[in-house]
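Okay, structure first, notes after.
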Amino acid sequence: MLAYFGPQGTFTEQAALGLGASPDELVPYDTVPAALAATRRGDAEAACVPVENSVEGAVPATMDALTEGEPLVAVAETVLDVRFSVLVRPGGGEVKTVASHPHALAQVRHWLAEHLPAADVVATTSTAAAARAVLAGEFDAAVSAPVAVRHYPLEVLATDVADVRDAKTRFLLLRRPGPPPAPTGQDRTSVVVTATDRVGALSELLTELALRRINLTRIESRPTKGRLGEYRFYIDFDGHVAEPRVGDALAALRRHCPDTRFLGSYPKAEPGGAPVGDEEFVAAAEWVAAVREGRGA
Ligand SMILES: O=C(O)C(=O)C[C@]1(C(=O)O)C=C[C@@H](O)C=C1
């Protein structure tokens, strides 16, 4: 069974199907932490959750749930184009309230101001939860994934709704720790570190990546929820833990920051950039091994 951030008809369900899940193994959970908790307990083999959107940024619920509790690791990612449909009850009349996930609402602010300026905007746990609530008569319109109309007998008031064209959301498939998927040459590695409060701490961590020619693809911070001013950094970079360069960098991060948590090495959804070769690292390690054994100098 595969848990996902539901209910039925979310973008996340679409993402899980796109990652190869079959519809009959999918089980919806109403929140991201609930989907991850089911995976931690072993009720689900894996969980599919949103992690970042190109307009609204990180999904805080996912970031927090990845560091609180037993480790989970990403084994795959996928990226979806995000355009919304506005759904109403058939023959529903005037739209006085419009509901959706906060991330979705943030992506259609201008559209709502132009087309439904008098409507009250209400946040729901997901885009599909909004559709479900419209069906139940709680709100008049839902800003939903286009697929939601297949699950809820609603009428489409508008399609292709998005303030920013080409908006995208990235989703992760997470499992309990196990051997990472084999490297493909176009992989991403994710970690979370807590930088200590001193001059240059974060810059030292990033320098470890730069020194090994590792391309940083994302850095996000979230408060540790402990002391004010203490932050965790979520760092994504190109490469796979199986590559000597990347393994070396991870070891360095862990030396700087003993609570470094590995969040996975997995194939990139949108491959790009030439892979950086590991030849120099392999050759240098062989040279050191030879020196140690007295075979080289
Ligand atoms: O509510 C959904 O349909 C989701 O899958 C969540 C989510 C998100 O968290 O960003 C996913 C894609 C869209 O950007 C809006 C909402």
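Ligands are counted one by one from 1 in listed order, and the atoms in each one are counted from 1 as well. We number each residue from 1, following the sequence as shown. Predicted model, so just to flag it, every value in this text is computed and none were measured.
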Under 4.0 Å between heavy atoms, the region of T127 that gets near ligand 1 turns out to be both
Modelled atom types, side-chain donor and acceptor of S85 and T159, under 3.5 Å
no
R150/E13 salt bridge by N-O under 4.0 Å criterion:
no
Backbone, side chain, both or neither: what part of S126 comes under 4.0 angstrom of ligand 1, heavy atoms only?
both
One finds that the ligand 1 atoms under 4.0 Å from a non-hydrogen atom of N53 are 14 (O)
Contact between E56 and ligand 1, counting heavy atoms under 4.0 Å?
no
For atom 12 (C) of ligand 1, what's the nearest protein heavy-atom neighbour? Residue, atom name and distance, please.
T169 OG1, 3.5 Å
salt_bridge(R255, E204) N-O dist < 4.0 Å
no
In terms of its nearest heavy atom to atom 10 (O) of ligand 1, the top option of R170, H103, E52, R83 is H103
List the atom pairs, donor and acceptor, that lie under 3.5 Å between side-chain atoms in residues 128-147 and the rest of the protein, sequence neighbours left out.
| residue | atom | partner | partner atom | Å |
| --- | --- | --- | --- | --- |
| D140 | OD1 | R89 | NH2 | 3.4 |
| D140 | OD2 | K96 | N | 2.7 |
| D140 | OD2 | T97 | N | 3.1 |
| D140 | OD2 | T97 | OG1 | 3.4 |
| S144 | OG | T127 | O | 3.3 |

Please name the residue in the list K168, R188, K268 that meets the salt bridge (Lys or Arg N to Asp or Glu O under 4.0 Å) test with E77.
R188
Quick test: of every protein heavy atom, which one is nearest to atom 16 (C) of ligand 1, and how far off is it to 0.1 Å?
H101 ND1, 3.9 Å
In terms of ring plane angle, is the pair H103 and H101 parallel, tilted or perpendicular, where the classes change at 30° and 60°?
perpendicular
Between E13 and ligand 1, find which residue part has any heavy-atom pair under 4.0 Å and reply side chain, backbone, both or neither.
neither
Any atoms of ligand 1 less than 4.0 Å from a non-hydrogen atom of P50? List them with their elements.
9 (O)
Quick one: look at T10 and ligand 1, take heavy-atom pairs under 4.0 Å, and tell me if it's side chain, backbone, both or neither.
both
Is E220 paired with R222 through a side-chain N to carboxylate O contact shorter than 4.0 Å?
no
Residues R109 and D163 bridged, charged N to O under 4.0 Å:
no
Say whether F171, considering both its backbone and side-chain N or O atoms, lies within less than 3.5 Å of an N or O atom on ligand 1.
no
With a 3.5 Å cut-off and no angle check, do the side chains of T125 and D30 form a donor-acceptor pair?
no
Protein heavy-atom partner closest to atom 4 (C) of ligand 1 - residue, atom, separation in Å
T12 OG1, 3.5 Å
Per atom 6 (C) of ligand 1, closest listed option by heavy atom (F11, F5, Y4)
F5
